[in-house]
Amino acid sequence: MKLLVYPLCALVLPGNPTATPVSQPPQEPVPVIIIMADQLRADVIQEWAPNIMSLAEDGVTFSHAYAASPLCAPSRASFFTGRYPNRTASLINPWAAPDTASGRVKAGIPNLYTLMQEQWDSWHVGKQHLFTEDAPITSDRSGTTWVTTDSYSRWMKERGIAKPGGRRFKALVPEQVSGRYTHIRYYSTPLAERYEPGIDFFTDRYIGNQAQRAIRHRDKTKPLLLNSMFMAPHPPFHIPEPYFSAIDGLQVDLPDDVGRWYPGQSPLQLYNITGYLGTRYSREAWRDTWAKYLGLVQLLDDEVGRIIQVLKEEGLYDQAMVIVTADHGEMLGSHSLWQKNCLYEASVHVPLFIKFPADFSPNRRIVDDAVSLVDVLPTVLGFTGLPLPDGLDGQSLLPLVNGETPPNTRAIFFQYDGNGALGNFQRGIFRDGYKLIVDLFKDELFLELYHVAADSGESENLAFQPRYEPLVLELLALLKDYMKQTGDRLVLPENAYTEFVNHYTLTIEQ
């Protein structure tokens, strides 16, 4: 596979509707509360997260929201900058020394903090995975108050109590570095144990407590900007009671795709962390893992409920714009895969709910149009009356909310470039209910086409059916154009479809 860096140019994405003016702008700056979970599947909210659902009923649900990348750092970089990963240059979690530059946002790109912290009383509480080439975003000179997981680590050390997790929750996996050679690293497994120190010392309780403190001790001369970045339900599954025992595996109605490797899915996933670890477990083995994961979802939901309660006590709930989402999803055995790191629905389809101030009346309570997390920044800036910086890939969601934009055929893009280093590559496009995934490893290329609107489990790879060749070629052309315009380091071969058809046949499920 050739590697080539294109010069950056203005991005004009196909099918993007022209933004329409907001019909009901707020008269004064409003509090903005962002609550982000880590690794939260979109399909578990309705049944297992009543507090989040209660907030959703007060706001707008975006039923087809997608992360720009199924990985923490690049997804958050896109979320906070309104730009796709190729444009931010944050492509991976920057753990392997040779590739760390590919985990940082390029210098000079503004983000939600730098754009809002002068006028808002800005707080960040929880996980901090926005890495930049500029001076560390958590600098003392920042206009934001930073309470991070490093703060939690110091707090726990002072008390002589061990944090959740540890080496026993990890396994050795191979990881490509710089797309050329293999390192060994430790990576999370589905092992679950009870966290004996209890809920008062658990990471997300600390984050929830600090978020409440930020609300109560805010500078009341300014509107509040609070970014609450939770860890749950991300592994390790080292979980305090009552959440460890809250759900019995027999209570869990597993999705049909859990523990199944479908005939048309990419064999290149076996070179990725997802398949290397995920294929070790049977469908029944995943049942208890699901129970523990859902226990963490309940824990997260309770912390969200506590934040909502304090907002109400402080008289902020009706005034505030409250956004609940996740940086990406979790495979949790779907397609026999583990964690995220891929472009299937369980991994890139994320929850997104926006509750507006009480005096703003959305014309739509459910938006089924496909949207991206890159759209959140321009939505927040547009609603709060701040100017939009140049070069955004995202577009404000307010015209959709106001019913001023008809249902669109906008293309949504996502990509994966490796976990802690550059190695496994995937590119994807979603449009008109169809998703095309291009999976790349070394010199191999595998295509997957799914009609997600009719096949939400992505069980039938339509790329093997000749009648879908025109659609595959059309989506490939759009994807190549997007990659070129955003300065992608990869170049897809001109004969990608022919190469795929010649090299692979549909494997019959045994």
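Position 1 is the first residue of the sequence, and the numbers go up from there.
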Cut-off 3.5 Å, side chains only: do E448 and Y344 have a donor facing an acceptor? yes
Show the nearest heavy-atom pair for residues L449 and A463, with the distance to one decimal. CB-N, 3.8 Å
Work out which heavy atom in G428 is nearest to a heavy atom in L343; give both atom names and the distance. N-CD1, 3.6 Å
So does Q46 have more than 12 non-hydrogen atoms from other groups sitting under 6.0 Å from CD? no
Any chance you could measure I35, atom CD1, to L55, atom CG, to the nearest 0.5 Å? 7.0 Å
Can you tell me if N495 has over 12 outside heavy atoms packed within less than 6.0 Å of its CG? yes
Aromatic centroids of Y482 and Y84 separated by under 6.0 Å: yes
Would you say the ring centers of F62 and H64 fall short of 6.0 Å from each other? no
Do the charged groups of D417 and R489 touch, with an N to O distance under 4.0 Å? no
Is the distance between the ring centroids of Y434 and Y450 under 6.0 Å? no
D99 versus S178, side-chain donor and acceptor atoms under 3.5 Å: yes
Are any of the side-chain nitrogens in K340 or D38 under 4.0 Å away from the carboxylate oxygens of its partner? no
Checking N424 against Y416 for the side-chain hydrogen bond (donor to acceptor under 3.5 Å, both in side chains) test, could you report, in this order, the C-alpha distance in whole Å, the side-chain angles of both residues, the deciding distance, and whether it holds? CA-CA 7 Å; N424 300 83; Y416 174 68; 5.1 Å; no
Mind running side-chain contact (heavy atoms from CB on, under 4.5 Å) on T88 and F80 for me, showing each step along the way? CA-CA 10 Å; T88 68; F80 284 113; over 6 Å; no
Heavy-atom neighbours of N502 CG exceed 12 at 6.0 Å: yes
Supply the atom-to-atom distance Q485 CD to R87 CZ, rounded to the nearest 0.5 angstrom. 9.0 Å
To the nearest 0.5 Å, what is the distance between CG on L436 and CG on L462? 10.5 Å
Under a 3.5 Å threshold, yes or no: a donor from one side chain and an acceptor from the other, between Q339 and Y187? yes
Evaluate the side-chain hydrogen bond (donor to acceptor under 3.5 Å, both in side chains) criterion for residues T379 and D375: first the C-alpha distance (whole Å), next the side-chain angles of each, then the deciding distance (0.1 Å), finally the verdict. CA-CA 6 Å; T379 304; D375 299 328; over 6 Å; no
Closest non-hydrogen atom pair, R280 against L172: NH2-O, 4.2 Å
Roughly how far, to the nearest 0.5 Å, is the OG1 atom of T138 from the OH atom of Y113? 10.5 Å
Heavy-atom closest contact (T182 atom, P174 atom, distance): CG2-CB, 3.8 Å
Would you give the length of the straight line joining atom CG of L226 to atom CD1 of I33, rounded to the nearest 0.5 angstrom? 5.0 Å
For a quick test of reading the model, state the closest non-hydrogen atom pair linking P74 to N93 and the distance between them. CD-OD1, 4.0 Å
Applying side-chain contact (heavy atoms from CB on, under 4.5 Å), run through F237 and F169 and close with a yes or a no. CA-CA 8 Å; F237 293 156; F169 292 91; 5.6 Å; no
Under 6.0 Å from the OH atom of Y271, do we count more than 12 heavy atoms belonging to anything else shown? no
Checking H335, K435, Q265 against E458 for side chain to side chain donor-acceptor pair (under 3.5 Å), the one that qualifies is K435
Does the W146 side chain pair with the main chain of I137, one donor and one acceptor, at a distance under 3.5 Å? yes
Test log, rule side-chain contact (heavy atoms from CB on, under 4.5 Å), inputs I323 and L352: CA-CA 7 Å; I323 299 170; L352 178 60; 4.0 Å; yes
State, without any angle test, whether E444 and Y504 hold a side-chain donor-acceptor pair at a distance under 3.5 Å. yes
Pair H183 and Y181, ring centroids less than 6.0 Å apart: yes
Closest heavy-atom pair and its distance - V105, A77: CG2-CB, 3.6 Å
Given S334 and R41, is the side-chain hydrogen bond (donor to acceptor under 3.5 Å, both in side chains) satisfied, shown in steps? CA-CA 11 Å; S334 292; R41 287 177 64 122; 3.1 Å; yes
Between CG of L400 and CG of D368, what distance do you get to the nearest 0.5 Å? 10.5 Å
